[in-house]
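Okay, structure first, notes after.
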Protein chains: 2
Amino acid sequence: MASDHTRSAILAAAERLYADRGFGDVTLRDIVAEANVNLAAVNYHFGSKDELIAELFVTRSIATNRERLRELKAAEEQGGGRAPIEVILRALVGPTLRGCLGPENQRSTAARFMIRASIESVPPIRRIKNREIDHLRKFAGAMRRSLPDRSDVDIYWGLNFALAMAHHTIRESERLTKLSDGKCDLDDVEDVVARVVNVATMALTAGKAEAKVPSRIAAR
Amino acid sequence: MASDHTRSAILAAAERLYADRGFGDVTLRDIVAEANVNLAAVNYHFGSKDELIAELFVTRSIATNRERLRELKAAEEQGGGRAPIEVILRALVGPTLRGCLGPENQRSTAARFMIRASIESVPPIRRIKNREIDHLRKFAGAMRRSLPDRSDVDIYWGLNFALAMAHHTIRESERLTKLSDGKCDLDDVEDVVARVVNVATMALTAGKAEAKVPSRIAAR
DNA sequence: TTGCAATTCAAACACTTGTATGAAACTATC
DNA sequence: GATAGTTTCATACAAGTGTTTGAATTGCAA
């Protein structure tokens, strides 16, 4: 067990460097220099570079997933097993958006790391992401309970589009800011969440039961 | 000028390999083996590996962009300088979706290459993508002309969400298929286009002038 | 203190990568 | 058919990578 100090110094340094410069051009030697530890320490403590990356990503994403499920569960319990679709969608995209957007200077290292992870896509992370399907199924289930007269296909497409808007906005936040000359304010996270939830809700409820969406322009 | 044969053999082989295995683990030696040319040929004909990748990507994306602008221009001319928003959106996401989705076995190498390019994100491609903003501005302009009483912010968000749904669906097509147990048919490209356009249209027209969207479920 | 395990360290290893070289083989022009 | 320019080729280069090794050091228990 021992000090554990080296181990966490490596984790911190790696997260910082990956967040700043991406996975592509950060080597083990960069990491150990930043952490002030010996080169061999990484392999000693983590086994390999990939396992280090995987541990970083897993730690962060189970945190996000736990947060998502916590919100979802709370909403469903409050609604007696059936939550409003907007609340479900908010539980799905809210934690991720809140974790990755917001004023850059006060954006956490963890957040910037997760943005990188969603932009670059390196093998160990891809492998982990593939196991995320079970997690998404839980949301699909909740959405089906919320909109029982909606077909499965529509549910999945709605889920897909909700994630699409959230992730793409994170990935391309810089471009959207530039394209809109700063008119789209990505630092106002709750506005972004509201916009995504709003559109996804429309996608899922259009055509039937539209009256069920009173907070259509609840954005903000 | 000469035969040009080696040059195009390299391009073809590179595109094929990148499409199949991604940028990450295809080396120059793999490419020249596939193309049956000498290792030095790549640097002789293209200067460097990055320039080879860039040429591949530029070729494909100017083709897509040209197609998009062609559709857009035709629509605006027919409408006397103002095209319906659905048609604009269709011009924006249609070519990309048609280029990248469709039955896998008949999916072109070019299509699979572009999917990779949108998944992996390697430096030379990133550099090129950054220059895509001017191209998007043209669409923002057309959208503004189509929806003159919509704020710029809403226009940009709508544009962002439309691209989000299209690209994410391409990137994660495999996952969506798995998640939905095949219920979401990504081979039916026109259905996908219709869904994306439909949702993006709602996002852009919700709240006002909703009557202007008669073909809401014009999907297919 | 002694002994033993856990940890650190410098160094080297093994391998892959993209690129450069210079001679050889072509190709076309005169 | 000699010549100049282009293209091909085998080979070497230089640099960087993650990983391993085995000895040195540390920390802790007996």
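Order of the sequence lines sets the chain letters (A, B, ...), proteins ahead of strands, with each chain counted from 1. What you are looking at is a predicted structure, and each value in this text was computed from that prediction instead of being measured.
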Name the pairs: protein N/O against N/O of nucleotides 23-28 of chain C, kept only if under 3.5 Å.
none

Can you tell me the distance, in whole Å, between the [atom1] atom of [X] and the [atom2] atom of [N]?
X: A:Leu52; N: D:dT19; atom1: CG; atom2: C1'; value: 14 Å
X: A:Arg7; N: C:dT8; atom1: CZ; atom2: P; value: 12 Å
X: A:Asn36; N: C:dT8; atom1: CG; atom2: P; value: 13 Å
X: A:Ile10; N: D:dG18; atom1: CD1; atom2: C1'; value: 14 Å
X: A:Asn38; N: C:dC9; atom1: CG; atom2: P; value: 5 Å
X: B:His5; N: D:dT8; atom1: NE2; atom2: P; value: 9 Å
X: A:Tyr44; N: D:dT21; atom1: OH; atom2: C1'; value: 14 Å

Which residues share a side chain to side chain contact (heavy atoms under 4.5 Å, CB included) with [X], sequence neighbours left out:
X: A:Asn65; value: A:Arg68, A:Glu132, A:His135
X: A:Leu11; value: A:Phe46, A:Leu52, A:Glu55, A:Leu56
X: B:Lys183; value: A:Asp152, A:Val153, B:Ser180, B:Asp181
X: B:Asn130; value: none

Test salt bridge (Lys or Arg N to Asp or Glu O under 4.0 Å) applied to [X] - qualifying residues, sequence neighbours left out:
X: A:Asp20; answer: A:Arg112
X: B:Arg21; answer: B:Asp30
X: A:Arg70; answer: A:Glu67

* Asked: Only one of B:Arg90, B:Arg66, B:Arg98 forms a salt bridge (Lys or Arg N to Asp or Glu O under 4.0 Å) with B:Glu71, so which one is it?
  ->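 Only one of B:Arg90, B:Arg66, B:Arg98 forms a salt bridge (Lys or Arg N to Asp or Glu O under 4.0 Å) with B:Glu71, namely B:Arg98.
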
* **Set of side-chain hydrogen bond (donor to acceptor under 3.5 Å, both in side chains) partners for B:Thr177, sequence neighbours left out** => none

Using nucleotides 17-19 of chain C, report all nitrogen or oxygen pairs with the protein that are shorter than 3.5 Å.
unit_1, atom_1, unit_2, atom_2, d
C:dG18, OP1, B:Lys49, NZ, 2.5
C:dG18, OP2, B:Leu28, N, 3.0
C:dG18, N7, B:Arg29, NH1, 2.9
C:dG18, O6, B:Arg29, NH2, 3.0
C:dT19, OP2, B:Asn43, OD1, 3.3
C:dT19, OP2, B:Lys49, N, 2.9

* With rounding to the nearest 0.5 Å, note down the distance linking CE in B:Met114 to OG1 in B:Thr109. => 13.5 Å

* Identify, with sequence neighbours excluded, every residue that meets ring-ring contact (aromatic ring centres under 6.0 Å, His included) alongside A:Phe23. => A:Tyr18, A:Phe113

* To do: Check whether any side-chain N or O of A:Thr6 sits under 4.0 Å from OP1 or OP2 of C:dT8, and answer yes or no.
  => yes

* Asked: D:dT8 phosphate, OP1 or OP2: any side-chain N/O from B:His45 under 4.0 angstrom?
  -> yes

* Pairing of DNA chain C as dot-bracket, 5' to 3': ( ) intra-strand, [ ] crossing, | other strand, . unpaired, with Watson-Crick or G-U pairs under 3.5 Å? -> ||||||||||||||||||||||||||||||

